[in-house]
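Treat the numbers as computed from the prediction; the structure is a model and nothing was measured.
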There are 2 protein chains.
Amino acid sequence: MNVQFKKGVLTLCVLVLTLKKDRYGYELVNKISEQFLIAEGTIYPLLRRLTKDGYFTTYLLESQEGPPRKYYQLTESGKTYIEVLIKEWELFSTGVNRLIEEGTKSDEG
Amino acid sequence: MNVQFKKGVLTLCVLVLTLKKDRYGYELVNKISEQFLIAEGTIYPLLRRLTKDGYFTTYLLESQEGPPRKYYQLTESGKTYIEVLIKEWELFSTGVNRLIEEGTKSDEG
DNA sequence: AACAAGTACTAAACATTGCAAGGTACCTAT
DNA sequence: ATAGGTACCTTGCAATGTTTAGTACTTGTT
């Protein structure tokens with residue numbers, strides 16, 4: 001998968017997956033990778049960034065399957081940011097699709 | 001518009017707009033900016049890159065409205081690359097939309 | 001007990017690419 | 001001549017995903 005496509009959109013994906021329940025990093029890597037592969041080295045710096053920017057708070061929980069998991073919980077600011085990002089994504093992807101249509105369909109203006 | 005969303009996707013937009021007819025840089029800036037704003041400083045380096053990579057050949061044509069225009073014409077390699085990029089874009093954007101749905105709809109797995 | 005494999009997190013160096021800012025130059029109209 | 005629109009180019013910067021390497025915990029196997 002084209003690496004560059006993911007730039008910025010990963011932020012949206014990570015945030016949106018924590019809307020309904022708190023998640024930990026490793027879980028997010030696997031969840032997102034069901035749709036398109038991402039590396040662990042991408043997620044952890046991103047999570048740190050989003051936490052530093054006030055979109056997440058974190059807490060540790062022990063696990064029976066390995067070392068403790070660091071859970072990420074959305075803040076109000078994070079929820080607001082998601083809405084902005086989703087709207088921007090819709091505008092953007094619609095724009096791209098329009099250009100593709102314009103470029104591949106019979107007539108153009 | 002989120003800058004990061006554009007990473008990589010601009011390549012697709014530029015290529016696809018030259019499928020049906022050759023275009024010049026300034027024209028591409030305006031055409032793409034109808035959907036989402038992009039800067040001239042983005043397009044010209046991108047066009048040089050794509051030409052260097054063998055996706056475009058170029059030629060100059062005089063204009064009555066200003067200095068000569070450098071037209072970009074797709075090569076066979078460029079046409080092949082577009083098909084790949086469009087497929088990747090479809091897979092990617094579908095994946096993102098699925099994650100958004102999964103994150104915003106009632107139940108999830 | 002030793003080892004491998006899966007889980008889980010972290011860090012540093014790197015590559016790619018879009019933007020801002022600045023510049024050159026042509027043409028038309030005032 | 002001066003301004004504004006057209007058209008191109010370059011440099012330095014910022015943002016972010018990948019690669020690679022490493023730490024450490026748990027469970028199952030030999």
Sort me out a list of protein N/O and nucleotides 25-30 of chain C N/O pairs below 3.5 Å, or just none if empty.
{"unit_1": "dC27(C)", "atom_1": "O3'", "unit_2": "Gln64(B)", "atom_2": "O", "d": "3.1"}

Thr11(B) and side chain to side chain contact (heavy atoms under 4.5 Å, CB included): which partner among Val14(B), Val9(B), Leu15(B)?
Leu15(B)
Between Arg98(A) and Gln35(B), is there a donor-acceptor pair closer than 3.5 Å when you use the side chain of the first and the backbone of the second?
no
Can you tell me the distance, in whole Å, between the CZ atom of Phe5(B) and the P atom of dA15(D)?
16 Å
Atom CD of Glu40(A) and atom C1' of dA8(C) are separated, to the nearest Å, by 7 Å
Whole angstroms only, please: what is the CG-P distance between Leu50(A) and dA15(D)?
14 Å
What pairs meet the side chain to side chain donor-acceptor pair (under 3.5 Å) rule with one or both residues in residues 49-61 of chain B, with sequence neighbours excluded?
Asp22(B)-Tyr59(B)
Rounded to the Å, how far apart are Glu27(B) CD and dG5(D) C1'?
16 Å
Please state how far atom OH in Tyr24(B) lies from atom P in dC9(D), giving the value in whole angstrom units.
14 Å
Tyr26(A) vs dT7(C): side-chain N/O to OP1/OP2 distance below 4.0 Å
yes
For dC9(C), does OP1 or OP2 lie under 4.0 Å from any side-chain N or O of Arg48(A)?
no
Leu74(A) side chain reached by Phe56(A) side chain, heavy atoms, under 4.5 Å:
yes
If the threshold is 4.0 Å, N to carboxylate O, is there a salt bridge linking Glu76(A) and Lys79(A)?
yes
Within this structure, what is the CZ-to-P distance between Arg69(A) and dG6(C), rounded to whole angstrom?
16 Å
Here the distance between atom P of dC8(D) and atom CD of Glu62(B), to the nearest Å, is 14 Å
Integer-rounded Å distance: dC8(D) P and Tyr44(B) OH:
4 Å
Answer yes when Glu102(A) and Lys31(B) have at least one side-chain N-carboxylate O distance shorter than 4.0 Å, and no when they do not.
yes
Does anything in residues 58-71 of chain B pair up under salt bridge (Lys or Arg N to Asp or Glu O under 4.0 Å), and if so which pairs, sequence neighbours excluded?
Glu65(B)-Arg69(B)
Check nucleotides 16-18 of chain D for protein N or O atoms closer than 3.5 Å to its own N or O atoms and list the pairs.
{"unit_1": "dT16(D)", "atom_1": "O2", "unit_2": "Lys7(A)", "atom_2": "NZ", "d": "2.9"}
{"unit_1": "dG17(D)", "atom_1": "OP1", "unit_2": "Lys6(A)", "atom_2": "O", "d": "3.3"}
{"unit_1": "dG17(D)", "atom_1": "OP1", "unit_2": "Gly8(A)", "atom_2": "N", "d": "2.7"}
{"unit_1": "dG17(D)", "atom_1": "OP2", "unit_2": "Arg49(A)", "atom_2": "NH2", "d": "3.4"}
{"unit_1": "dT18(D)", "atom_1": "OP1", "unit_2": "Lys6(A)", "atom_2": "NZ", "d": "2.9"}
{"unit_1": "dT18(D)", "atom_1": "OP2", "unit_2": "Ala39(A)", "atom_2": "N", "d": "3.4"}
{"unit_1": "dT18(D)", "atom_1": "OP2", "unit_2": "Thr42(A)", "atom_2": "OG1", "d": "2.2"}

Using side-chain hydrogen bond (donor to acceptor under 3.5 Å, both in side chains) as the criterion, list what pairs up with Asn97(A), not counting sequence neighbours.
Trp89(B)
Residues passing the side chain to side chain contact (heavy atoms under 4.5 Å, CB included) test with Arg48(A), sequence neighbours excluded, are Pro45(A)
